[in-house]
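Just below is one structure, and these are the notes that go with it.
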Amino acid sequence: MACGSWESWESWLKITAVMVLLSPPACCSNILVVPVDGSHWLNMRVLLEELHARGHNISVLRSSSSRYIAEEPSLYHCFTMSLNGKMGITEDQEMLSQFLLDSLEILRGGLTLTAFVRNTQIIRKMLWETHHKQREFIRLLFEDSALMEKLQGAGFALVLTDPFFPAGVMLAHHLQLPLVCHTRWLSFGDSHYLIAPSPTSYVPVVGSRYTANMSFLQRLANAMHYITTVKLGSAMIHPSYDELCHRFLGPGTDIETLTQHADLWLMKVDFVFEFPRPTVPNIIYIGGIQCRPARPLPPDLEEFARGSGEHGVVFMSLGSLVTQIPAELAETIAEAFAQLPQRVIWKYQGDRPANLGNNTLLVRWAPQNDILGDPRTRAFISHGGTNGIYEAIYHGVPVLGLPLIFDQYDNLVRLDSRGAALTLDVSRLDSRQLLEGLREVLSQPSYREAMARLSALHRDQPQTPLQRAAFWVEFVLRHGGAAHLRPAFFGLPWYAYYSLDVALCLGMVVASLTGLALLAIRRLYRALRRVKEKQS
Ligand SMILES: *[C@@H]1O[C@H](CO)[C@@H](O)[C@H](O)[C@H]1NC(C)=O
Ligand SMILES: *[C@@H]1O[C@H](CO)[C@@H](O)[C@H](O)[C@H]1NC(C)=O
Ligand SMILES: *[C@@H]1O[C@H](CO)[C@@H](O)[C@H](O)[C@H]1NC(C)=O
């Protein structure tokens, strides 16, 4: 009997051993997560739920001042750093509210030079304070030897981080672990700019408010945007972290190179929404990761929606970061809503406007995905945050945009250019404009049809973005990294990256050959003339 013989037993053992060594089980790995608070976290938590359901043991590094990142022992284990004060813009509601009010006030006063200077000052102050706190967090983390020892001994197989702040990137390097980034933004702009070619001729810089189709002047302005926000931004922000890299990770390290060396990028982008652009093999697109079929509404909302009859429901939310807008703006909005035949669900945590109509329900929290997925929902009034936009795309609900800050205007430009949204200028908004805008989105079928088309395109994928993200995290776990997907442009000097040295060399060869040819022609011409002169 062959199968009982020692040789076959031995070879079976060998094969098993090789198989086990080659593909360590992806299930039940220890994963260290270094998230960023706010809407970034709400999105990442969805992936953590999936990884948890697949049997992985998840640990989250958070600060004691976290706003949304709570202790959730049923989902993940926490390493909590105690920190004095809030970690800047993502946690500090007051700072954000003040920033928003200042920005709106400046916008409402008209776009003058003083307003521009003041706005720049506010943004600089906010960025400075936020990065200052982040550096303090990193310093405390690396100087906490007891915690570092715990992290080192915990047997992590992977670091999953949002690289908007670099603590996770630095930690992965220190612990020598594979690194997966869950991202759309770095602190100076679109994460693509760090790893993929981004020609300014057809990749509009966020902040420019352009589409991919730009005139000459727009391309000029886009290039200026690229230089001032992406290049100057990284040149201003990176050095302060490089100093921490030198101190804790050794000389010769810098935050840009460390980030570029991430094994994989889970990019919160879908090209139904973003304009198509060049990319690289270690970027996996997971835009819309949080979208899922709607669940039934809670009883109070269900009853309210049922009362809307044939007119349906309008849903308004300005996102998780914005809890309060100026009182007069809230009253403007309430006035417009009161004149609609639809019923309005308005997620708002500020004071109740005095003129709120009886067709409007103010709620402090709302199950956004379920409301957008309800067949009675006719329109979504949104600030243009990407989480809400992807949910609107997924469920095919047309959008009326009221962009406030950051990337929101640009996000709405992307929907606008596909005919799926109408964007209003908040700085000059009055109730008549809002009402007209709403009536247009509600009555023109083109908005709903454009959204339905985007929705059909977005849903037509071999796997959901969530399954894709989880697959690729496990892929990196199975293979201990994904370095083979990483393009080799790191460390190339800029002239080599753009092949300027090659162009110069080729140019010189062409110039020399042309020179030689001209010389030869001249000689030949003279020789011919001499022959002619002799003959005559
Ligand atoms: C999960 O991770 C935590 C934190 O690192 C650790 O204390 C715990 O023992 C781990 N559990 C398993 C089953 O590995
Ligand atoms: C780009 O914009 C110009 C002018 O607005 C228009 O004529 C042209 O068709 C557009 N091109 C594309 C590809 O959309
Ligand atoms: C809401 O207000 C309008 C006009 O003020 C009134 O006609 C209507 O009956 C009210 N509806 C309810 C349900 O109270």
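First listed ligand is number 1; within each ligand, the first listed atom is number 1.
Closest to atom 7 (O) of ligand 1 among all protein heavy atoms lies H77 CE1, 4.2 Å. Here the heavy atom of the protein found nearest to atom 6 (C) of ligand 1 is N57 ND2, 4.2 Å. Regarding atom 5 (O) of ligand 1, its nearest protein heavy-atom neighbour is S59 OG, 3.5 Å. Atom 11 (N) of ligand 2 has its closest protein heavy atom at N213 ND2, 2.8 Å.
The aromatic rings of F315 and F380 lie parallel to each other, with less than 30° between the two planes, well short of the 60° mark. In this structure, H479 and F475 have tilted ring planes: the angle between them lies in the 30° to 60° band. Ring geometry, Y390 versus H458: the interplanar angle falls from 30° to 60°, so the pair is classed tilted.
In this structure, atom 14 (O) of ligand 1 has protein heavy atoms in its sub-4.0 angstrom surroundings. Distance screen at 4.0 Å: atom 9 (O) of ligand 2 has no protein heavy-atom neighbour inside the cut-off.
Between the CG atom in D270 and the CD1 atom in I393 there is a gap of 7.5 Å [rounded to 0.5 Å].
Atoms of ligand 1 found under 4.0 Å from any heavy atom of N30 (numbered from 1 in listed order, with element): 1 (C), 14 (O). Atoms of ligand 1 found under 4.0 Å from any heavy atom of A154 (numbered from 1 in listed order, with element): 5 (O).
Taking the centre of each ring, F248 and H246 stay at or above the 6.0 Å mark.
The cationic group of R247 does not satisfy the cation-pi geometry with F142, failing either the under 6.0 Å distance to the six-membered ring centre or the 45° limit from the ring axis.
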